[in-house]
Amino acid sequence: MHFRSLALATVLYGASATLAWNHPNYKYVAIFSVDGFHSSDVGKYVSLRPQSTIAQLLETGYEYTNAFTSGPSDSFPGSMNQFTGASPRTTGIWYDDIWDRSYYPPFSTNMTRCEGPPGAEVEQAENLDYNSTELFSGGINPDNLPQTIINGKCQEIYPHMRLRVNTIWEIVEASGKETAYADKHPAYDIVRGPSGKGLTVGYFPEIQSIANTVNATIAYDQLHVDAFLDWIAGEGKTPEHSEIQGAGLTTTPALFGGNFQAVSVGQKTVGYTNGTTQAFTAPLLKALDFVDKSLGRVVSALKAKNIYEDTLIIVASKHGQAPINPALYRKVDPALIVPATGVNVSWVTTDDIALIFLEDQSTLSTAVAGLEKATSELQIQDIIYGPRLTALGYGNPLKDPAVPDIIVRVNLGVIYTTSTAKIAEHGGLSDDDRKVACFVSSSRLKKTVFDQKVSTRQVAPTVLKVLGLNPEELQGAKIQGTPLLEGF
Ligand SMILES: *[C@@H]1O[C@H](CO)[C@@H](O)[C@H](O)[C@H]1NC(C)=O
Ligand SMILES: *[C@@H]1O[C@H](CO)[C@@H](O)[C@H](O)[C@H]1NC(C)=O
Ligand SMILES: *[C@@H]1O[C@H](CO)[C@@H](O)[C@H](O)[C@H]1NC(C)=O
Ligand SMILES: *[C@@H]1O[C@H](CO)[C@@H](O)[C@H](O)[C@H]1NC(C)=O
Ligand SMILES: *[C@@H]1O[C@H](CO)[C@@H](O)[C@H](O)[C@H]1NC(C)=O
């Protein structure tokens with residue numbers, strides 16, 4: 001019911017009722033995440049490159065200039081925002097490397113099957129690969145998966161099994177249309193959704209196998225772009241190393257897309273210039289130009305196939321990157337966090353955030369008191385815990401084994417790391433982490449800027465609506481009452 005109710009959207013997001021009209025459906029949706037691409041970068045880029053594809057897309061597009069990705073803003077929950085319409089409390093997806101109080105370690109860790117006390121790290125990144133030094137890493141080694149007991153049986157948990165609600169990919173597939181998605185291996189198994197059937201084709205080369213440089217990442221992203229072009233051509237071709245086996249595509253998929261990582265790597269390694277302008281450094285601009293040129297190739301391919309008019313292009317970043325201003329960058333040793341709590345801690349996820357799981361949840365107030373004393377040493381802006389954590393929409397750690405006991409929000413620019421390689425990171429709660437690029441474009445749209453606050457969760461129901469499917473089928477969006485994007 002929420003999706004049809006503009007009144008609700010107005011209450012939640014302050015939309016103007018005059019902007020709603022019924023769009024005829026689109027046959028295709030092409031959805032891209034330019035990882036790291038901030039809302040503020042869009043305007044900066046377009047003023048530098050007024051002839052760019054991005055500038056042209058905006059000429060017939062809706063731009064959401066106040067769009068926020070998930071909190072935490074790790075790639076995992078950031079993607080789930082767009083693909084399920086729901087937040088970590090609903091999806092159960094908090095981070096690619098975190099803890100779950102009900103899980104057991106992978107078989108490869110200590111050769112046991114759900115033995116000993118529950119509680120284990122859930123890492124769903126390159127660690128799952130057979131061999132992460134290879135671009136096509138042999139798939140997921142089940143021995144590396146965390147385990148849990150389901151119906152009395154110890155089972156390995158693939159990323160897609162950890163997700164609690166369905167995805168747009170599953171719903172589009174189930175409607176008889178085809179889908180295709182490219183991202184890094186193997187984490188994006190999760191995109192398939194809990195049924196594991198959300199993708200006709202998935203293409204997941206392993207990012208860890210390449211150097212952490214802009215040039216190498218551009219070459220890596222080019223693989224994704226080649227896949228997009230193959231998919232648009234719709235000649236039944238699938239990339240040679242397609243991860244999802246099956247008959248392959250028979251036509252241009254109704255829903256396809258993937259991500260770009262070169263901008264994120266440019267931000268982490270080189271970033272923005274100092275001073276008031278905070279302009280793109282040359283390597284970051286090179287990454288942005290590559291993305292822009294690639295989007296141009298997608299547009300050309302859609303036009304060549306004569307389906308551009310029938311396609312809605314969505315560009316929405318899973319995450320931003322903090323800090324934009326390099327002068328704010330400051331690193332703090334993550335090893336200082338646990339001693340500061342003064343209690344036993346099961347697990348801490350650290351980036352430009354800390355997510356703390358206590359060994360004994362009754363030690364919460366002691367742990368918080370310890371962190372409060374260390375606020376300056378640990379560069380803490382806010383300690384979120386207890387009833388306030390639940391009230392802010394993060395779920396309830398006393399009831400949900402995936403919810404951390406304490407969320408530490410850091411001062412802008414602080415990263416809990418010992419790495420000297422990175423000057424920016426994402427995952428945290430700042431605007432630099434969360435205020436992301438978000439726009440949609442099609443030849444049918446009239447240029448409009450929406451400056452009301454929106455969530456990238458709104459992308460999910462919007463995708464289904466424009467494909468003529470029912471947004472209410474999205475379990476997570478329904479639970480959270482996630483409205484469509486404004487204008488739809
Ligand atoms: C490994 O398995 C044993 C049971 O054999 C269990 O007691 C222990 O906690 C497990 N180790 C870890 C690191 O979880
Ligand atoms: C992983 O792949 C690399 C590169 O092909 C190879 O050198 C290495 O031996 C492989 N490791 C294992 C454990 O197979
Ligand atoms: C990146 O590639 C360009 C050629 O495209 C080259 O000129 C440049 O030196 C390379 N940068 C680095 C850091 O290797
Ligand atoms: C920005 O200034 C800081 C010192 O305030 C310096 O460490 C950093 O290297 C500078 N970054 C750039 C991109 O100029
Ligand atoms: C903390 O862990 C240690 C080692 O496992 C244990 O001896 C100690 O009793 C624990 N402390 C508390 C307060 O549970």
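Hydrogens, waters and symmetry mates play no part in the numbers below; they use all other heavy atoms, side chains included. This chain uses plain numbering: 1 for the first residue, then up along the sequence. In this text, all values refer to a predicted model and were calculated from it rather than measured experimentally.
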*Can you tell me which residue pairs pass the ring pair (Phe, Tyr, Trp, His ring centres under 6.0 Å) test with a partner in residues 369-417, sequence neighbours excluded?*
none
*Residues in salt bridge (charged side-chain N to carboxylate O under 4.0 Å, His left out) contact with R101, at least two apart in sequence or another chain*: D405
*Over 60° means perpendicular and under 30° means parallel, so classify the ring planes of F204 and Y188, tilted if in between.*
tilted
*Would you please test N66 and Y64 for side chain to side chain donor-acceptor pair (under 3.5 Å) and show each step?*
CA-CA 6 Å; N66 206 4; Y64 303 91; over 6 Å; no
*Partners passing ring pair (Phe, Tyr, Trp, His ring centres under 6.0 Å) against F439 (at least two apart in sequence or in another chain)*: none
*Counting distance only, does the side-chain N/O of T179 pair as donor-acceptor with the main-chain N or O of V172 below 3.5 Å?*
no
*Could you list all the salt bridge (Lys or Arg N to Asp or Glu O under 4.0 Å) pairs where at least one residue sits in residues 324-352, not counting sequence neighbours?*
none
_Quick check: do K184 and Q208 have side-chain heavy atoms less than 4.5 Å from each other?_
no
_Pairing donors with acceptors under 3.5 angstrom, does anything connect the side chains of Y104 and T148?_
no
*What's the spacing between D451 CG and S39 OG if we round to 0.5 Å?*
10.5 Å
_Salt bridge flag under 4.0 Å for residues D432 and K435_ = no
*For D382, what residues pass the salt bridge (charged side-chain N to carboxylate O under 4.0 Å, His left out) criterion, not counting sequence neighbours?*
R388
*What residues, two or more places apart in sequence or in another chain, satisfy side-chain hydrogen bond (donor to acceptor under 3.5 Å, both in side chains) together with R162?*
D100, Y103
*Scan residues 362-376 for pairs that pass side-chain hydrogen bond (donor to acceptor under 3.5 Å, both in side chains), counting only residues two or more places apart or in two chains.*
D360-S362
*Kindly state each residue pair satisfying disulfide bond (SG atoms under 2.5 Å apart) with at least one member in residues 139-201, sequence neighbours excluded.*
C114-C154
*With the threshold set at 4.0 Å, does a side-chain nitrogen-carboxylate oxygen contact exist between K318 and D183?*
yes
*Which salt bridge (Lys or Arg N to Asp or Glu O under 4.0 Å) pairs, counting each pair once, include a residue from residues 170-181, with sequence neighbours left out?*
none
*Is the backbone of V414 close enough, under 3.5 Å, to the side chain of Q379 for a donor and an acceptor to pair up by distance?*
no
*Tell me, please, which residues at least two apart from E156 pass side-chain hydrogen bond (donor to acceptor under 3.5 Å, both in side chains).*
R113
*Hey, can you tell me if F260 and F228 have their rings parallel, tilted or perpendicular (30° and 60° cut-offs)?*
perpendicular
_S87 side, atom OG; N81 side, atom CG - distance, nearest 0.5 Å_ = 6.0 Å
*Would you please name every residue forming a salt bridge (charged side-chain N to carboxylate O under 4.0 Å, His left out) with R164, sequence neighbours left out?*
D400
*Would you please say whether a donor-acceptor pair under 3.5 Å links the side chains of D433 and H426?*
no
*Considering residues at least two apart in sequence or located in another chain, which fulfil the side chain to side chain contact (heavy atoms under 4.5 Å, CB included) criterion with V263?*
V34, Q267, L284, A287, L288, V291
*Least distance between heavy atoms, I353 atom then V408 atom*: CG1-O, 3.4 Å
*Do H185 and S137 meet the criterion of a side-chain donor-acceptor pair at a distance under 3.5 Å?*
yes
